[in-house]
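Just below is one structure, and these are the notes that go with it.
Since we're looking at a predicted model, the values are computed, not measured. Below, read A as the first sequence line, B as the second, and so on, with proteins coming before strands; counting in each chain starts at 1.
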Number of protein chains: 2
Amino acid sequence: MGENLLGDAVENGKKSPRTPKHWELKERLAELLRAVSPGGSLPGERALASEFGVSRTTVRKALAELTAEGRLTRVHGSGTFAGEGKLTQRLQLSSYTEDMRSHGRRPTSSLLDARIGAADPELAALLGIRSGDDVLRLRRLRRADGEPMAIETSRLPLPRFPGLDRYVGDGSLYGVLYQHYGVELGHAEETIETALATPAEAALLGNEAGALMLLLSRHSFDTDGRPVEWVRSVYRGDRYKFVATLVSPQSSDDSIAARVER
Amino acid sequence: MGENLLGDAVENGKKSPRTPKHWELKERLAELLRAVSPGGSLPGERALASEFGVSRTTVRKALAELTAEGRLTRVHGSGTFAGEGKLTQRLQLSSYTEDMRSHGRRPTSSLLDARIGAADPELAALLGIRSGDDVLRLRRLRRADGEPMAIETSRLPLPRFPGLDRYVGDGSLYGVLYQHYGVELGHAEETIETALATPAEAALLGNEAGALMLLLSRHSFDTDGRPVEWVRSVYRGDRYKFVATLVSPQSSDDSIAARVER
DNA sequence: GGACTTGAGTGGTTTAGACCATTGCGATTA
DNA sequence: TAATCGCAATGGTCTAAACCACTCAAGTCC
């Protein structure tokens with residue numbers, strides 16, 4: 001079995017028995033969980049603690065990991081329930097709306113925030129403007145089938161899109177850019193990393209603070225290669241995964257990726 | 001300010017002051033952390049607890065989050081230290097080795113495991129073979145500058161690559177596939193999601209069990225569209241992030257060439 | 001009937017304390 | 001000198017207990 005690999009570090013039968021209780025408990029709870037259909041409920045923390053003969057603290061540590069993995073959902077005054085699966089989001093230039101619909105989900109998006117501020121030097125460089133120029137900052141809450149999924153913060157260079165703030169609503173940003181400014185997206189550079197939910201994000205997402213998140217940053221350019229927007233989005237890690245299709249670079253060995261990156 | 005959005009849920013001045021101590025503590029520790037250069041050490045848990053007037057449990061909760069975010073590194077009998085930054089890995093068909101080198105890192109890769117087993121129906125479908133056919137399973141530990149970064153588990157259809165198990169070592173798998181079987185990769189489908197490190201993975205990565213991980217699954221095909229391998233890799237979420245370049249779907253293939261010049 | 005109150009049960013936070021496992025260094029020893 | 005031992009400090013695990021915040025349904029009141 002796979003665990004044998006760990007055994008290598010152990011000299012002949014001396015100090016192997018150091019398996020924390022919450023690991024074992026987590027395994028047993030995961031097993032118990034398999035018998036529960038999505039949305040079904042589990043016993044309370046205190047009941048589990050006495051049933052397995054451990055403290056409530058230990059139970060909570062095991063439950064916390066299962067929750068972080070998306071296998072459990074916990075509701076404060078209510079109980080602990082089996083988790084739902086993960087949705088997938090394709091990494092592509094198409095809009096969130098299009099992509100969700102293609103997965104048979106009903107996407108909605110609400111504007112939380114729209115404000116204008118001055119660009120700091122770093123942001124100015126990203127957006128191709130001068131430091132101190134006006135930047136439009138939009139915050140959106142993305143939902144799928146009514147469930148909050150992600151918080152998206154876009155920043156756009158106002159000098160390039162004068163009056164953009166007046167066109168923006170709950171509708172498609174890319175549609176506005178095309179209709180009013182003739183801008184089409186050409187390519188984008190995305191980075192994906194892990195993060196933990198801040199209290200504010202958790203409150204908006206119906207999540208818990210400290211929950212696992214996928215942090216996606218997108219730097220978009222138009223078909224002429226000029227910067228269009230810079231976006232940071234946090235997605236619920238327990239409900240989301242990303243999909244990308246990669247194509248062979250060999251067709252022209254001097255392909256895209258390696259050289260674009262300075 | 002942005003946080004005002006949260007205030008909507010609070011009725012007139014009644015129950016706003018519900019900020020857990022470990023949130024506030026985390027902020028203060030993060031601030032304290034800014035004054036420490038990467039690798040520098042922080043006070044011990046007990047010292048922090050008494051200094052901030054909270055219990056050690058609360059300190060540990062705050063430290064745990066900072067650790068999960070990669071801002072701290074903790075070493076058991078030794079101490080707590082400021083974290084290093086994150087490396088980036090490009091999502092592309094090129095090999096791990098190439099990619100790391102292009103970032104100025106010294107990549108190494110060791111074979112942990114090579115075994116042959118029978119494919120279950122699901123795996124058989126992924127690899128384009130019949131259920132029960134032989135599958136070669138390879139487990140590799142990837143390092144950058146000697147530091148363990150990821151565990152990669154590849155599965156390849158032996159009926160398509162007879163004798164492959166004899167060619168495999170610490171070298172390039174894709175090189176072997178090309179030289180002995182004339183196979184070149186055409187495209188791949190990748191998914192990225194969050195996960196937590198299992199005890200076994202943590203032991204190999206020098207990590208802690210329960211640490212944040214990026215789980216990357218890759219389904220690779222050759223230039224003829226036939227399945228070549230199915231890979232699951234876990235990357236340290238505190239040390240890694242992924243980068244992808246997206247191209248516009250509407251302006252077909254030649255858009256790539258256009259973009260390269262940019 | 002409808003609105004309100006109440007209380008039991010749930011998960012969330014925090015404490016104080018005990019003990020374990022690992023590390024690293026100083027003192028001791030061969 | 002070089003190896004070993006011991007010990008103190010560190011982070012890791014676990015407990016028992018208290019209290020808070022939220023939910024929901026049963027009961028109450030109008």
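- One interatomic measurement links the two molecules: NE2 of A:His76 to P of D:dC24, which rounds to 12 Å at whole-angstrom precision.
- Of all non-hydrogen atoms in B:Lys86 and B:Glu69, the two that sit nearest each other are CE-O, 4.4 Å.
- One N or O donor and one acceptor, one from the side chain of A:Arg46 and one from the base of C:dG11, sit under 3.5 Å apart.
- Put simply, CG on A:Leu42 is 16 Å from C1' on C:dG9, counting in whole angstrom units.
- We find that CG of A:Leu63 is positioned 13 Å from C1' of C:dG12, with the value rounded to whole Å.
- Side-chain N/O atoms of A:Arg142 and A:Ser109 include a donor and acceptor closer than 3.5 Å.
- If you take CZ of B:Arg60 and C1' of D:dT13, they are 8 Å apart, rounded to a whole angstrom.
- Here the P atom of nucleotide D:dC20 and the NZ atom of B:Lys21 are 13 Å apart, to the nearest Å.
- Between the CD atom of A:Glu45 and the P atom of D:dA17 there is a distance of 17 Å, given to the nearest Å.
- A close approach under 4.0 Å does not occur between any side-chain nitrogen or oxygen of A:Lys61 and OP1 or OP2 of D:dC14.
- Both A:Thr57 and A:Thr80 sit near DNA chain C, but only A:Thr80 has its closest nucleotide nearer the 5' end.
- A donor-acceptor contact under 3.5 Å is not formed by the side chain of B:Arg56 with the base of C:dG17.
- Between the CZ atom of B:Phe81 and the P atom of D:dT10 there is a distance of 11 Å, given to the nearest Å.
- Position along DNA chain D of the nearest nucleotide to B:Gly79 versus A:Trp23 favours B:Gly79 as the more 5'-ward residue.
- In this structure, CZ of B:Arg74 is placed 16 Å from P of C:dT22, rounded to the nearest angstrom.
- A:Met213 is not listed as a side-chain neighbour of A:Leu196, based on a closest heavy-atom distance of 4.5 Å or more.
- A centroid separation of 6.0 Å or more is found between the aromatic rings of B:Phe242 and A:Phe242.
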